[in-house]
Amino acid sequence: MTRTRDQDACPGALTVHQAADGALVRIRLPGGMITSAQLTTLAQVAEQFGSPAMELTSRGNIQIRAVTDTGGAATALTAAGLLPSPTHERARNIVASPLSGRSGGVTDVRPLVIDLDRAIQADPALAALPGRFWFSLDDGRGDVSGIDADAGVHARDDGTFALLLAGRDTGVRLDAGDVVATLIEVAGRFVQIRGKAWRITELDDHSALLDGLAADALAGTTWPPTVTPPVGWIEQRDGDIALGAAVPLGVLQARVARFLAAVETPLVITPWRSVLVCDVPEGVADTALRVLAPLGLVFDENSPWLRVSACTGSPGCAKSAADVRADAADVARNPAPSDGTGPRREAHRHFVGCERACGSPPVGEVLVATEDGYRLRIAPP
């Protein structure tokens, strides 16, 4: 169904959103990839110009709230290489398998992330892509193909890639060298025919996006969504370690970000609001884990923090009926007992302050705040 609102209000770092607590800027990180120096810059920007409570998003991006000097923030972000294209900064929505090239997967999609990002910026027409349109590059493990990105690819064992639209296999098979050009072509066609649609799912007919692309396999395959991030001690194929740190409710304090950056290795922000500290020598990883864990980062895959999430809620969002983060935190700190004295809660629960249900995961329970408490929204959006 097409949205009725004409204006795309999805924020960027230059096109900010005026929230109840001030200007909100969103920095897009293709593939979630960020250097330690860039993360340090974000921490500095948050502390100097806005709220030190940075937010990780479900698209592997970072946003800063309550920004008082958007020009100063933009200047600092540009100097750090986080705004390479002012015209395309909201179009650079690329999600990729976070551990690709380091652990698991069929192939390394990181080079495709870089090439796709450059190709988006090089195409003037794609500056008109809505801020909600996004791409996915799955290395074959199936972790991001289930997020229903608008246009994506899924690596196959035979060396080809399946072309996906809205998370569904179209039956089109691509060689690695054709992936970027095909995704750019699909995105360009979407810009031409979208009307008021922001996402491919809002189009009545997808066929025009696939004109001239031959399908040689049965279309329709989908992948189950991944909800839980990779956490803990992850051995890379090169012998180094990746430390998977879940961030409770996706709120990364600038002070904690500085400690993550101090490891001075590459980082990845995942679509599950967590951080991967990558390429860490084993000896350094042990020390880093001992420093990072007491800061509130979660390295335990059984932690109740991995089963709750929330939108911004009050006071940051004027539409919210409750401080949903506080309520979600209470649930995480006081989970239902699993010793037989009460029901064990395994389902993921997402707390939201209004019917928009921002950031809702594709599975689990979505609890909507009302004047009388919370009600269960039967089907997550």
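Below, each value reflects all heavy atoms present in this structure, side chains not excepted, and no hydrogens, waters or symmetry copies.
Checked against salt bridge (charged side-chain N to carboxylate O under 4.0 Å, His left out), Arg102 has the following partners two or more places apart in sequence or in another chain: Asp279. For Glu55, the salt bridge (charged side-chain N to carboxylate O under 4.0 Å, His left out) partners two or more places apart in sequence, or in a different chain, are Arg65, Arg325. Residues satisfying the side chain to side chain contact (heavy atoms under 4.5 Å, CB included) test with Ala261, not counting sequence neighbours, are Ser36, Leu39, Thr40.
Within the model, atoms CG of Leu252 and CG of Leu56 stand 5.5 Å from one another, a figure rounded to the nearest 0.5 Å. Between the OG1 atom in Thr222 and the CG atom in Asp148 there is a gap of 8.0 Å [rounded to 0.5 Å]. Rounded to the nearest 0.5 Å, atoms CG (Asp211) and CG (Leu209) are 8.5 Å apart. If you take CD1 on Ile120 and CG on Asp123, they are separated by 9.5 Å, rounding to the nearest 0.5 Å. Within the model, atoms CG of Leu137 and NE2 of His154 stand 12.0 Å from one another, a figure rounded to the nearest 0.5 Å. Atom SG of Cys10 and atom CH2 of Trp198 lie 8.0 Å apart (nearest 0.5 Å).
When side chains are defined from C-beta on, Thr228 does not count as touching Trp272, because their heavy atoms never get closer than 4.5 Å. Between Pro30 and Phe135, the closest side-chain pair of non-hydrogen atoms is not below 4.5 Å. A 4.5 Å side-chain heavy-atom check between Arg28 and Asn93 finds at least one atom pair inside the cut-off. A 4.5 Å side-chain heavy-atom check between Asp205 and Ile193 finds every atom pair outside the cut-off. In this structure, Thr221 and Arg168 have side chains that are not in contact, with every pair of non-hydrogen atoms separated by 4.5 Å or more. Here the side chains of Pro266 and Thr35 are not in contact, with every heavy-atom distance at 4.5 Å or above. A heavy-atom distance below 4.5 Å is not found between the side chains of Ser51 and Ile64. Side-chain contact between Pro248 and Val298 is present, with heavy atoms from C-beta onward closer than 4.5 Å.
Minimum heavy-atom separation, Ser360 to Val366: OG-CG1, 3.8 Å. Contact record, Thr41 with Ala76: CG2-O, 3.8 Å, taken as the closest heavy-atom pair. Closest approach of Arg199 and Trp134 over heavy atoms only: NH2-NE1, 3.0 Å. Listed here is the closest heavy atom pair of Val308 and Ala332: CG2-CB, 3.8 Å. Contact record, Gly104 with Arg237: O-NH2, 3.1 Å, taken as the closest heavy-atom pair. For the residue pair Leu267 and Val277, the shortest heavy atom distance occurs at CD2-CG2, 4.0 Å.
Hydrophobic cluster membership is shared by Ile184 and Leu165, with clusters built from Ile, Leu, Val, Met, Phe, Trp and Tyr side chains linked at under 4.5 angstrom. Criterion: ILVMFWY side-chain heavy atoms under 4.5 Å apart, direct or through other members. Under it, Leu249 and Met54 are not part of a common hydrophobic cluster. Under the 4.5 Å side-chain heavy-atom criterion for Ile, Leu, Val, Met, Phe, Trp and Tyr, Val263 and Ile234 are members of distinct hydrophobic clusters. Transitive grouping of hydrophobic side chains (ILVMFWY, heavy atoms separated by less than 4.5 Å) brings Val113 and Leu126 into a common cluster. The cluster map of Ile, Leu, Val, Met, Phe, Trp and Tyr, joined by side-chain heavy atoms under 4.5 Å apart, puts Val179 and Leu213 in the same cluster.
Judged by distance alone, with hydrogens and angles left aside, the side-chain atoms of Thr78 form a donor-acceptor pair with the main-chain N or O of Ala74 at under 3.5 Å. Between the side chain of Thr270 and the main chain of Pro98, no donor-acceptor pair closer than 3.5 Å is present. In this structure, the side chain of Asp138 engages the main chain of Asp143 through a donor-acceptor pair within 3.5 Å. With Arg90 contributing its side chain and Pro11 its backbone, the two residues share no donor-acceptor pair below 3.5 Å. In this structure a side-chain-to-backbone donor-acceptor pair under 3.5 Å is present from Asn61 to Leu29. Between the side chain of Trp305 and the backbone N or O of Ala246, no donor-acceptor pair lies under 3.5 Å. The main-chain N or O of Leu99 is never found under 3.5 Å from a side-chain atom of Ser97 such that the two would form a donor-acceptor pair. In this structure, the side chain of Thr265 engages the main chain of Cys278 through a donor-acceptor pair within 3.5 Å. Using modelled atom types, one side-chain atom of Arg194 and one backbone atom of Ala197 make a donor-acceptor pair closer than 3.5 Å. Side-chain atoms of His88 do not come within 3.5 Å of backbone N or O of Ala128 as any donor-acceptor pair.
Sparse packing is recorded around CD of Glu301, with 12 or fewer heavy atoms of other residues, nucleotides or ligands lying under 6.0 Å away. Counting heavy atoms of neighbouring residues, nucleotides and ligands inside a 6.0 Å radius, atom CZ of Arg290 does not exceed 12 of them.
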TODO: Go through the steps to decide whether Thr57 and Arg273 satisfy the test side chain to side chain contact (heavy atoms under 4.5 Å, CB included), and finish with yes or no.
DONE: CA-CA 6 Å; Thr57 78; Arg273 298 183 173 92; 5.5 Å; no
- [ ] I would like to know whether Val191 and Phe133 meet side chain to side chain contact (heavy atoms under 4.5 Å, CB included); could you show each step before the answer?
- [x] CA-CA 10 Å; Val191 169; Phe133 188 100; over 6 Å; no
- [ ] Please step through side chain to side chain contact (heavy atoms under 4.5 Å, CB included) for the pair Thr312 and Ser320, ending with a clear verdict.
- [x] CA-CA 8 Å; Thr312 297; Ser320 180; over 6 Å; no
- [ ] In sequence, state the C-alpha distance, the side-chain angles, and the governing distance for Gln63 and Val67, and then conclude on side chain to side chain contact (heavy atoms under 4.5 Å, CB included).
- [x] CA-CA 10 Å; Gln63 59 190 31; Val67 177; over 6 Å; no
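A salt bridge is absent between Arg26 and Glu89; no separation between the charged side-chain nitrogens and carboxylate oxygens falls under 4.0 Å.
Between Phe351 and Tyr374, the two ring planes are perpendicular [angle over 60°; tilted spans 30° to 60°].
Counting only N and O atoms by type, the side chains of Asp158 and Thr160 include a donor and acceptor under 3.5 Å apart. With hydrogens and angles left out, the side-chain atoms of Asp323 and Ser314 include no donor and acceptor closer than 3.5 Å.
The side chain to side chain contact (heavy atoms under 4.5 Å, CB included) with Ile94 is formed by just one residue from the set Leu183, Leu112, Asp117, Ile114; it is Asp117. Leu276 pairs with exactly one of Ile269, Val268, Val231 by the side chain to side chain contact (heavy atoms under 4.5 Å, CB included) rule, that one being Val268.
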